[in-house]
Colleague: 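Pasting a structure below so you can have a look.
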Amino acid sequence: MTLLWFLLVLLSLSMYIVFDGYDLGIGVANLIEGDRHRARHMIELVATGWDGNETWLILLGVALWGGFPLAFAVILPHLYLPLIAALFGLIVRGFSIEMISQTENPAAIWRWMFGLGSLVAAFFQGFALGGLTAPTRIVDGTAMTTGGFPWYGAIMGATVVVAYTALGYAYLKHKSEGRMRSDAAVRGTVFAVIAVALGVASLLSIQGTAAPLNLSTPLHAGAFWAFLIFAAAGAIAAAVTFPRRGRTGSVSDWMPFGGLSVTAIAVLLAFTAAHYPVLVPPELTVTNAVGPDGSLTFLLIGIGANMPLVVFYHWFAHRTFGGKFTPPADSTGSGRPPRTVPLIGGQK
Amino acid sequence: MSLLALSRWQFALTVCFHMTFPAITVGLSVFLCIVYAVYWRTAKPVYLQMFRFWRRLFAVGFALGVVAGAVITFQMGLNWGVFGAKTGPIIGPIIGMEVVTAFFVEAGFIGILLYGDGRVRHFTMFASTVMVSIGTVLSSTWILAANSWMQTPAGYTTKNGQYDPTDWMKAIFNPAFVWRWPHMLLAVFISAGMFIAGISAYYLITGREKGFARRSFSIGIAIVALLMPAQLIVGDGVDSHVDGPHQLSKLEAEQGNWETNNTGWIVFAIPDQKAQKNYLQVSVPWLGSALQRDLTGKTPLPGLDMTPAKDRPEMAGPFWGFRAMFYSSWILWATAFLSVVLRLRNKLWTARRFHKWVLWTTPVGIVAILGGWILSETGRQPWVVFGLLRTSQAVSKLAPGSVLFSVIGFSTIYAVLLASYIVFIIRSVMRGPERDHPDYTPDLTPSSDYAAAVTTASSAQISAIAPTEGAARS
Ligand code: HDD
Ligand code: HEM
Ligand code: HEM
């Protein structure tokens, strides 16, 4: 049961990384977008889904809280400052999205806030992930961090920002046409390449932290390398299709996003497999953090039964706004102009 | 300030900030759903106009509710790590249920509610508004179960310092929940009703968009008038069925007496916690006893001296929290009563002074809600889980500097966002619902973003995207 529950935590984390990843990534991409109209499109593109994407983060938090109360109580205070900073970013960007899409001529400041908030949120999420490798002592049920500046966090922060941005461009490529699509292809490829390089760097440098990879048993090593192979396959698929700017609507539209998502999840799983069952070094493991059976049963029945619905809602929301982005029209077909300008690249 | 005080301020700020938005959005989501249903059935453009106008105010408030809510969830671990570790087995799963049964429902359909207009069929639109309302109501249900468990814990045993669930039915339907949940639901509908009525009153006063203004005003004020009597009964029930038997210390502080000898009811007081007396107090004789169903005026209200000194809450919070709620409810009551009288005399649309009054009372429901929460949360002190876990023992052992950083950061962000939201509401209200009317033709100034939009977005393109049902209807 512990393992099952742990898998739910991982599932929420993976979903979060992929979905809010593209969402935050579009925010970062927005910072380097020169064209005001296109910047606005990018925001409209995330406006329909950001709430749902962020809900995975809440599920992650709560799954950890209900299933591994001790881990929740240790990890969060342990990562206090980066998490608080990430929350600051999330608050500001969420509000900015709605301020932009609910007003006709939003002040330029909201666009900056959207971009900066996304950047801060992404960086500190990575920073927090990296911070998990710093050793802690557990006193009275909460963490006392030991050790100096979490330099590893900084590397992870940068990696996450770049990786999210690559995901953001991949999503943009999938959802847009014309010049926006071709620009996304070029810029996205650059970000994807840097992300892979940074990923390799962080993989190598983790050996110098308090949480080096544990490849001592065949199971650990096997799982680690298997996931890494998946990651490489995803990256290659993305690398081949991302730069293509040919016909729209082909495989090369969705493959970059698919490939990068596979890579991101596989890297996460590889790291986890090489540390299992340790959650925070040196002493906190899955087994000593797990909650009582009564909670796990309730959670598994209640939440497990609801997961298909959750996935359905999520799928439904993305499907409703599926296809290439187009400005919304008026339901009565008269009068009111579309809320946004059409794509600069023109029509299909 | 101590680590404890900082953490408490930080939490109180965040929840109060969060609570402000559900106070508007839960009721508005149900309102939107009704309005859309009427539009769908009657095809009268004014209902679409109402839907669009109120949806705009809803959207931004909803976004703020979501982001602030996400913060609260993490704060349970960030600042209240010990609380998180001990109550995780019970509160974690309850809020987990909230996430999967409510938040995902809201999140899945909110996009359609906000942006689907014109892209999806009427049925899908309507279904989405229903789903979003179900989500918001379910959300209030679960969160109240969680919070009520902290007020009157039930269905658990203590093992290894953790509260382990033994009976989920008892834990969820704990004694406080059954009264506080209806109280809360009524509260959010009332405050949304006031919000709607207040803003519509502005249009009645300025004489703009009469059809829109009258309908919105009428529905808003009717909600308040219908629900206020029920709220008085339920609110009294909370006092006599929850606080009396289970949380006497809260009731004592709420009434403002240090000693058990006052048969009057205190209208105003400045409590002095150190000296354990009231600095200044105005008390109406007999009323306190009468409220306890003793009309002879002999039964005194319970005072804080009935609770051991170390278990006493600070009086000012519950006392003034309750007064804020209670006095607000008189204002609401008066408004509701007047509206009924005016309606019966067929003067609801012409009573100028009444409209002005309603405009000024727009936020009263929200004030009542915040007051109520301040009462219930500060009145629970010094416990975080009543009778089991003290707040002082529940706090994470962080560096005070880090917490100070977060308090300053959150206060700044909340202040700026709240101010922007208020400005946004005022601007949207001034601009008015005219542009939301389906027959509205925009005035195209070349500088606006729309100029480009309308000239390039050929209507052919639009109708190619939009499913045709909408177009057929016009
Ligand atoms: C699941 C739990 C939970 C829920 C649903 C709520 N609270 Fe609460 N509240 C707490 C859990 C809590 C807490 C963790 O127990 C706190 C933090 C420290 C404390 O004193 O209790 C608290 C404190 C606290 C304080 C400060 C009390 C003090 O410092 O003396 C206020 C003003 C509120 N809350 C207000 C609210 C509002 C407006 C809520 C509605 C959104 C709310 N609470 C829901
Ligand atoms: C301290 C207690 C609370 C916590 C931990 C909490 C947590 C949350 C979280 C995480 C969200 C964001 C969910 C999303 O992504 O949609 C949220 C939103 C929401 N909460 Fe709370 N909440 C609390 C109190 C309340 C109360 C008492 C109510 C009841 C009326 C309430 C009603 C809502 C609603 C309706 C939403 C949807 C967003 C909105 O309408 O603004 N919450 N809450
Ligand atoms: C005369 C009428 C009322 C009485 C006697 C009353 C009584 C109470 C009491 C005793 C509590 C504390 C519950 C506890 O923690 O144990 C409470 C909480 C609360 N009240 Fe009221 N109330 C009244 C009217 C209102 C109105 C009109 C509103 C809002 C429109 C409101 C909103 C709230 C809220 C939001 C809470 C906190 C949530 C909760 O504890 O359930 N109340 N009320």
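As a basis for the values below, the full set of heavy atoms in this structure was taken, side chains included, without hydrogen atoms, waters or symmetry mates.
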Colleague: Which of these passes side chain to side chain contact (heavy atoms under 4.5 Å, CB included) with F103(B): T55(A), D51(A), V310(A), V62(A)?
Modeller: T55(A)
Colleague: Taking all non-hydrogen atoms of both residues, which atom of A70(B) and which atom of I58(A) are closest, and how far apart?
Modeller: CB-CD1, 3.9 Å
Colleague: Given a strict heavy-atom distance threshold of 4.5 Å, which part of L78(B) is in contact with chain A: side chain, backbone, both, or neither?
Modeller: both
Colleague: Report the distance from atom CD of Q75(B) to atom CD1 of I84(A), rounding to the nearest 0.5 Å.
Modeller: 6.0 Å
Colleague: Going through the distances and angles, do L64(B) and E98(A) end up as a side-chain contact (heavy atoms from CB on, under 4.5 Å)?
Modeller: CA-CA 9 Å; L64(B) 277 173; E98(A) 238 40 71; over 6 Å; no
Colleague: Of the listed residues (L57(B), T124(B), L113(B), V403(B)), which shares the most heavy-atom pairs with chain A below a 4.5 Å separation?
Modeller: V403(B)
Colleague: Which atoms of M125(B) come close to chain A, meaning under 4.5 Å heavy atom to heavy atom: side chain ones, backbone ones, both, or neither?
Modeller: neither
Colleague: Which answer fits Y414(B), side chain, backbone, both or neither, if we ask what part of it has an atom under 4.5 Å from a heavy atom of chain A?
Modeller: side chain
Colleague: Identify which of G111(B), G84(B), G92(B), P89(B) forms the greatest number of heavy-atom pairs closer than 4.5 Å to chain A.
Modeller: P89(B)
Colleague: Can you measure from CE (M97(B)) to CG (N306(A)) and round to the nearest 0.5 angstrom?
Modeller: 5.5 Å
Colleague: Using a 4.5 angstrom heavy-atom cutoff, name the option from G409(B), G77(B), G108(B) with the most pairs to chain A.
Modeller: G77(B)
Colleague: Could you tell me the separation between the CD atom of Q102(A) and the CZ atom of F62(B), rounded to the nearest 0.5 Å?
Modeller: 12.5 Å
Colleague: Using non-hydrogen atoms only, which part of L417(B) is less than 4.5 Å away from chain A: side chain, backbone, both, or neither?
Modeller: both
Colleague: Compute the centroid of each ring, for F74(B) and then for W65(A), and state whether the two points are separated by less than 6.0 Å.
Modeller: no
Colleague: Ignoring hydrogens, what is the shortest heavy-atom contact between T73(B) and F72(A)? Give both atom names and the distance.
Modeller: O-CZ, 3.7 Å
Colleague: Identify which part of L296(A) has an atom lying under 4.5 Å from any heavy atom of chain B, answering side chain, backbone, both or neither.
Modeller: neither
Colleague: Under a 4.5 Å heavy-atom cutoff, which of G294(A), P292(A), A63(A) has the most pairs with chain B?
Modeller: P292(A)
Colleague: Could you look at T103(A) and say if it's the side chain, the backbone, both or neither that has a heavy atom under 4.5 Å from chain B?
Modeller: side chain
Colleague: Do you know which two heavy atoms are closest between M307(A) and V100(B), and how far apart they sit?
Modeller: SD-CG1, 4.4 Å
Colleague: Given a strict heavy-atom distance threshold of 4.5 Å, which part of L309(A) is in contact with chain B: side chain, backbone, both, or neither?
Modeller: neither
Colleague: Looking at P77(A) and L398(B), what are the two nearest heavy atoms and their distance?
Modeller: O-CD2, 3.7 Å
Colleague: Which atoms of R427(B) come close to chain A, meaning under 4.5 Å heavy atom to heavy atom: side chain ones, backbone ones, both, or neither?
Modeller: neither
Colleague: Shorter than 4.5 Å, heavy atoms on both sides: which option in A47(A), G49(A), A71(A) has the most such pairs with chain B?
Modeller: A47(A)
Colleague: How long is the gap from CD1 on I91(A) to CZ on F410(B), to the nearest 0.5 Å?
Modeller: 5.0 Å
Colleague: Quick one about Y80(A) and S396(B) (side-chain donor to acceptor, distance below 3.5 Å, no hydrogens or angles considered), yes or no?
Modeller: no
Colleague: Does T297(A) reach the side chain of W168(B), with side-chain heavy atoms less than 4.5 Å apart?
Modeller: no
Colleague: Non-hydrogen contacts under 4.5 angstrom with chain A: give the residues of residues 159-167 of chain B involved, or none if there are none.
Modeller: Q162(B), D164(B), P165(B)
Colleague: Which atoms of W50(A) come close to chain B, meaning under 4.5 Å heavy atom to heavy atom: side chain ones, backbone ones, both, or neither?
Modeller: side chain
Colleague: Taking atom OH of Y313(A) and atom CD1 of I112(B), what is their separation to the nearest 0.5 Å?
Modeller: 12.0 Å
Colleague: Closest approach of S406(B) and F88(A), non-hydrogen atoms and distance?
Modeller: O-CZ, 3.9 Å
Colleague: Among the options N79(B), I110(B), T101(B), pick out the one with the most heavy-atom pairs lying under 4.5 Å from chain A.
Modeller: N79(B)
Colleague: Of all the heavy-atom pairs spanning L299(A) and P93(B), show the shortest one and how long it is.
Modeller: CD2-CA, 3.5 Å
Colleague: What part of I413(B) gets closer than 4.5 Å to chain A, counting heavy atoms only: side chain, backbone, both or neither?
Modeller: side chain
Colleague: If you measure from CD on E44(A) to OH on Y115(B), what distance do you get to the nearest 0.5 Å?
Modeller: 6.0 Å
